[in-house]
Amino acid sequence: MSIAGIKGMNDILPEDVATWQFVETTARSVFGAFGFNEIRVPVVEKTELFCRSIGETTDIVEKEMYTFTDRSDNSLTLRPEGTAPVMRSLIQHKLINQNPVQKLYYSGPMFRYERPQKGRYRQFHQIGAEVVGIDSPLIDAQILVMLDHFFKQVGISDVALQINSLGCPQCRPGYRDALIAFLDQRLASLCSDCQRRFRQNPLRALDCKVPGCKEATEEAPIVLDHLCAGCDDHFSAVRTHLQNLEVSFSINPRMVRGLDYYTKTTFEMITNSLGSQNAVAAGGRYDGLIQKLGGPDLPGIGFAMGVERLVLLLSELKLTNAQIDLFIAALGTEAQQHGFKLLSFLQRSGVRAEMDYTDKSLKSQMRRADKLGARYSLIIGEDELTKRSAPLRNMSGGEQIDVDIDNFEGVLSTVAPAETL
RNA sequence: GUGGGUGUAGCUCAGUCGGUAGAGCACUGGAUUGUGGCUUCAGAUGUCGCGGGUUCAAGCCCCGUCACUCACCCCA
């Protein structure tokens with residue numbers, strides 16, 4: 001019995017890697033242009049970090065974390081998200097003292113013990129960005145402009161930006177009470193899930209998919225009507241900036257975020273071509289989080305994108321791995337040895353070169369050259385060895401020229417793509 | 001954690017009433033002493049997920065189990 005991988009933890013095979021790299025390099029260049037620097041943090045943290053940041057009563061902390069004790073009896077957890085570790089690092093290294101504005105991005109695997117389904121895995125990858133130290137709505141808008149731009153750069157148009165405001169510690173409790181009072185009146189018409197969580201997380205009822213709940217909450221009070229003056233001004237400034245920059249968005253007052261630390265602006269990039277896991281990027285402001293984690297009282301805002309979901313949206317793109325420059329078809333041991341010398345020289349010179357390491361027929365070697373997408377092929381047999389000259393074939397047109405098989409530099413200069421010279 | 005669907009060749013899948021395993025693609029070789037793509041001919045390929053049961057006989061029926069997958073829940 002061979003050993004299989006772990007449920008929900010997928011291999012990313014060579015044929016898919018080009019798409020992943022495309023997403024990653026696009027994110028790097030876009031985030032870089034917006035002034036973000038990469039930070040790399042461990043995938044394991046003390047369990048406490050996530051309990052304090054994400055919230056004790058969230059599903060993530062209650063039942064989805066990969067938590068274990070190490071040999072020293074510390075409780076450790078495989079990170080289920082990236083913001084908390086980045087904030088921990090920022091506090092620990094007092095980065096804010098070096099620069100009062102921190103713009104950071106990260107990329108890497110996250111872990112949640114959930115039942116896998118389309119777009120949802122136990123090990124999944126996020127690329128996220130965070131800004132710490134600025135409470136201006138300009139930054140909220142900048143994050144959204146960057147997100148919008150990233151999707152355009154990567155070529156995904158089947159997404160819609162939704163925004164909302166969750167208020168702050170001044171105005172949210174009042175809204176929460178109003179909502180609970182409202183739901184309490186119609187408890188009977190809510191689904192069992194909503195009944196169960198209605199005291200702990202009443203907001204959930206607002207985006208419940210059960211028709212009965214949708215109906216019952218149609219007239220429910222809306223956060224946006226309960227915002228304090230500060231939050232209201234902030235939210236309208238964000239909207240104005242987005243309009244000025246021609247970023248299209250819609251307001252979804254029923255949008256709920258899964259992590260406790262969000263305040264004020266929250267947002268999601270939604271698609272309808274991914275099945276039920278429709279959020280491809282999401283985030284929001286988290287003004288109290290850093291202080292809660294033992295740092296200074298600094299505002300923050302950020303988001304994370306699900307890389308698997310991005311790749312799924314790009315799957316029809318069918319990017320391929322780089323094609324090779326030259327395939328050397330050698331016939332016979334002696335030719336193979338000479339070919340191998342030339343091959344190694346070219347590879348060391350940075351040219352993508354390949355050959356057949358077994359002694360197959362020329363036909364099959366040419367087939368392989370074609371399959372690898374070689375730009376050129378060089379055919380070395382017995383005649384060529386005695387003449388010290390071999391046909392170099394242009395695989396797209398089919399025309400051939402004879403080249404000196406001892407003049408490695410000469411082969412290199414005709415075969416190398418322009419950019420490597 | 002709950003529910004549905006699917007497990008047969010490397011891949012996508014067919015397999016009738018239970019009668020000893022098939023196609024396309026891919027692969028290998030030939031047609032072209034030594035030239036890829038297009039065409040054509042030939043060839044190789046199986047723990048029918050696994051374990052048990054019924055039967056003269058099981059890919060097919062029954063029981064169990066595992067894996068994958070979609071959905072609920074939740075979320076990126």
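Below, each value reflects all heavy atoms present in this structure, side chains not excepted, and no hydrogens, waters or symmetry copies. Everything quoted here is computed from the prediction, not taken from an experiment. Reminder, nothing fancy here: chain letters follow the sequence lines and each chain counts from 1.
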**Student:** Nearest to the side chain of A/R120 - B/U35, B/G29, B/G1?
**Tutor:** B/G1
**Student:** Have a look at A/G128 and say if it touches a base, only the backbone sugar-phosphate, or nothing, with a 4.0 Å heavy-atom cut-off.
**Tutor:** nothing
**Student:** Is any side-chain nitrogen or oxygen of A/K363 closer than 4.0 Å to OP1 or OP2 of B/U28?
**Tutor:** no
**Student:** Rounding to the closest angstrom, what is the interatomic distance between B/C41 and B/C25 at atom P?
**Tutor:** 11 Å
**Student:** Can you measure A/M9 atom CE to B/C68 atom C1' for me and round it to whole angstrom units?
**Tutor:** 16 Å
**Student:** How far, in whole Å, is B/G24 from B/C62 if one measures between their P atoms?
**Tutor:** 32 Å
**Student:** Taking the same atom, C1', in B/G36 and in B/C27, what whole-Å distance lies between them?
**Tutor:** 16 Å
**Student:** So A/A282, base contact, sugar-phosphate only, or nothing? Heavy-atom distance under 4.0 Å.
**Tutor:** sugar-phosphate
**Student:** Sort out for me which residue in A/T266, A/D140, A/T263 forms a side chain to side chain donor-acceptor pair (under 3.5 Å) with A/R285.
**Tutor:** A/D140
**Student:** Counting any heavy atom closer than 4.0 Å, what does A/S396 reach on the DNA or RNA strands: base, sugar-phosphate only, or nothing?
**Tutor:** base
**Student:** In this structure, how many angstroms lie between the C1' atom of B/A76 and the CD1 atom of A/I143, rounded?
**Tutor:** 15 Å
**Student:** Any luck finding a side-chain donor-acceptor pair between A/Q142 and A/K103 under 3.5 Å?
**Tutor:** yes
**Student:** Could you check whether A/T67 and A/T77, counting side-chain N and O atoms only, form a donor-acceptor pair closer than 3.5 Å?
**Tutor:** yes
**Student:** In whole angstroms, how far is the P atom of B/A31 from the CZ atom of A/R367?
**Tutor:** 12 Å
**Student:** Can you tell which of B/A71, B/G34, B/C75 lies closest to the side chain of A/D383?
**Tutor:** B/G34
**Student:** I'd like to know if A/R309 reaches the base of B/C75 with its side chain such that a donor and an acceptor end up less than 3.5 angstrom apart.
**Tutor:** yes
**Student:** Mind checking if A/G275 touches a base, just sugar-phosphate, or nothing, with heavy atoms under 4.0 Å?
**Tutor:** sugar-phosphate
**Student:** Can you name the side-chain hydrogen bond (donor to acceptor under 3.5 Å, both in side chains) partners of A/Q162, sequence neighbours left out?
**Tutor:** A/N252
**Student:** Reading RNA chain B 5' to 3', how would its secondary structure be written in dot-bracket notation, given Watson-Crick and G-U pairs with both distances under 3.5 Å, brackets [ ] for crossing pairs and | for partners on other strands?
**Tutor:** (((((((..((((.....[..)))).(((((.......))))).....(((((..]....))))))))))))....
**Student:** Would you tell me whether A/D404 and A/S389 have side-chain atoms, one donor and one acceptor, within less than 3.5 Å of each other?
**Tutor:** no
**Student:** Spell out yes or no: do the side chain of A/E114 and the base of B/G1 have one donor N/O and one acceptor N/O closer than 3.5 Å?
**Tutor:** no
**Student:** Would you say B/U35 has OP1 or OP2 under 4.0 Å from some side-chain N or O of A/S377?
**Tutor:** no
**Student:** Roughly how many Å apart are B/G7 and B/A42, using the C1' atom of each and rounding to a whole number?
**Tutor:** 32 Å
**Student:** By the 4.0 Å heavy-atom rule, please label A/Q400 as base, sugar-phosphate, or nothing.
**Tutor:** base
**Student:** Is the phosphate of B/A76, meaning OP1 or OP2, less than 4.0 Å from a side-chain N or O of A/R257?
**Tutor:** yes
**Student:** Hey, are A/R79 and A/E81 close enough for a salt bridge, meaning a charged N less than 4.0 Å from a carboxylate O?
**Tutor:** no
**Student:** Hey, do the aromatic rings of A/Y105 and A/F31 have their centres closer than 6.0 Å?
**Tutor:** yes
**Student:** Quick one: label A/E268 by what it contacts on the DNA or RNA (base, sugar-phosphate, nothing), any heavy atom closer than 4.0 Å.
**Tutor:** nothing
**Student:** Given atom CD of A/Q277 and atom P of B/C73, what is their separation to the nearest angstrom?
**Tutor:** 10 Å
**Student:** Indicate, yes or no, whether a donor-acceptor pair under 3.5 Å links the base of B/G36 to the side chain of A/R368.
**Tutor:** no
**Student:** Quick one: A/K118 NZ to B/C75 C1', roughly how many Å, whole number?
**Tutor:** 16 Å
**Student:** Rounded to whole angstrom units, what separation is found between the CG atom of A/L203 and the C1' atom of B/C75?
**Tutor:** 16 Å
**Student:** Report the nucleotide, chosen from B/G29, B/G36, B/C75, that has the shortest atom-to-atom distance to any side-chain atom of A/R112.
**Tutor:** B/C75
**Student:** Quick check for you: among B/U2, B/G37, B/C73, whose closest atom lies nearest to any side-chain atom of A/R393?
**Tutor:** B/G37
**Student:** Looking at B/A71, I'd like to know if its phosphate oxygens (OP1 or OP2) sit under 4.0 Å from a side-chain N or O belonging to A/Q117.
**Tutor:** yes
**Student:** Between B/A9 and B/G5, how far is it from one P atom to the other, in whole Å?
**Tutor:** 22 Å
**Student:** Please classify the nucleic acid contact of A/Y113 as base, sugar-phosphate, or nothing, using heavy-atom distances under 4.0 Å.
**Tutor:** nothing
**Student:** Does B/C75 have OP1 or OP2 under 4.0 Å away from a side-chain N or O of A/R204?
**Tutor:** yes
**Student:** Examine B/C70: is either OP1 or OP2 under 4.0 Å from a nitrogen or oxygen in the side chain of A/S276? Give yes or no.
**Tutor:** no
**Student:** Return the orientation label for the A/F345 and A/F408 ring planes: parallel under 30°, perpendicular over 60°, tilted otherwise.
**Tutor:** tilted
**Student:** If you only use heavy atoms from C-beta on, which nucleotide in B/C75, B/A26, B/G37 is closest to the side chain of A/K371?
**Tutor:** B/A26
**Student:** Regarding A/I127, tell me which of base, sugar-phosphate or nothing describes its non-hydrogen contacts under 4.0 Å with the strands shown.
**Tutor:** nothing
**Student:** Looking only at side-chain atoms of A/N278, point me to the closest of B/C75, B/G30, B/G34.
**Tutor:** B/C75
**Student:** Just call it for A/T58: base, sugar-phosphate, or nothing, with non-hydrogen atoms closer than 4.0 Å on any strand.
**Tutor:** nothing
**Student:** Mapping A/A281 and A/P391 onto RNA chain B by nearest heavy atom, which one lands closer to the 5' end?
**Tutor:** A/P391
**Student:** How many Å lie between CG on A/L312 and C1' on B/A76, as a whole number?
**Tutor:** 12 Å
**Student:** Between B/U16 and B/G49, how far apart are the P atoms? Round to whole Å, please.
**Tutor:** 14 Å
**Student:** Would you measure the distance from the C1' atom in B/C63 across to the matching atom in B/U55 and give it in whole Å?
**Tutor:** 16 Å
**Student:** Please state how far atom CD in A/E399 lies from atom C1' in B/G36, giving the value in whole angstrom units.
**Tutor:** 14 Å
**Student:** Rounding to the closest angstrom, what is the interatomic distance between B/C13 and B/A26 at atom C1'?
**Tutor:** 14 Å
**Student:** Give one of base, sugar-phosphate or nothing for A/E15, where a contact means two heavy atoms less than 4.0 Å apart.
**Tutor:** nothing
**Student:** Please name all residues satisfying salt bridge (Lys or Arg N to Asp or Glu O under 4.0 Å) with A/R176, sequence neighbours left out, ordered by chain then number.
**Tutor:** none
**Student:** Hey, does the side-chain of A/Q365 have a donor or acceptor N/O within less than 3.5 Å of a partner on the base of B/U35?
**Tutor:** no
**Student:** Indicate, with yes or no, if the rings of A/Y262 and A/Y286 have centres closer together than 6.0 Å.
**Tutor:** no
**Student:** Ignoring the backbone of A/S361, work out which of B/C70, B/U28, B/G30 is nearest its side chain.
**Tutor:** B/G30
**Student:** Map A/A304 and A/G8 onto RNA chain B by nearest heavy atom, then report which one ends up closer to the 5' terminus.
**Tutor:** A/G8
**Student:** Indicate yes or no: does A/R254 engage A/D207 in a salt bridge with an N to O separation below 4.0 Å.
**Tutor:** no
**Student:** Sub-3.5 Å donor-acceptor pair from the side chain of A/T271 to the main-chain atoms of A/D158, do we have one?
**Tutor:** yes
**Student:** State which of B/A71, B/G34, B/C73 makes the closest approach to the side chain of A/D59.
**Tutor:** B/C73
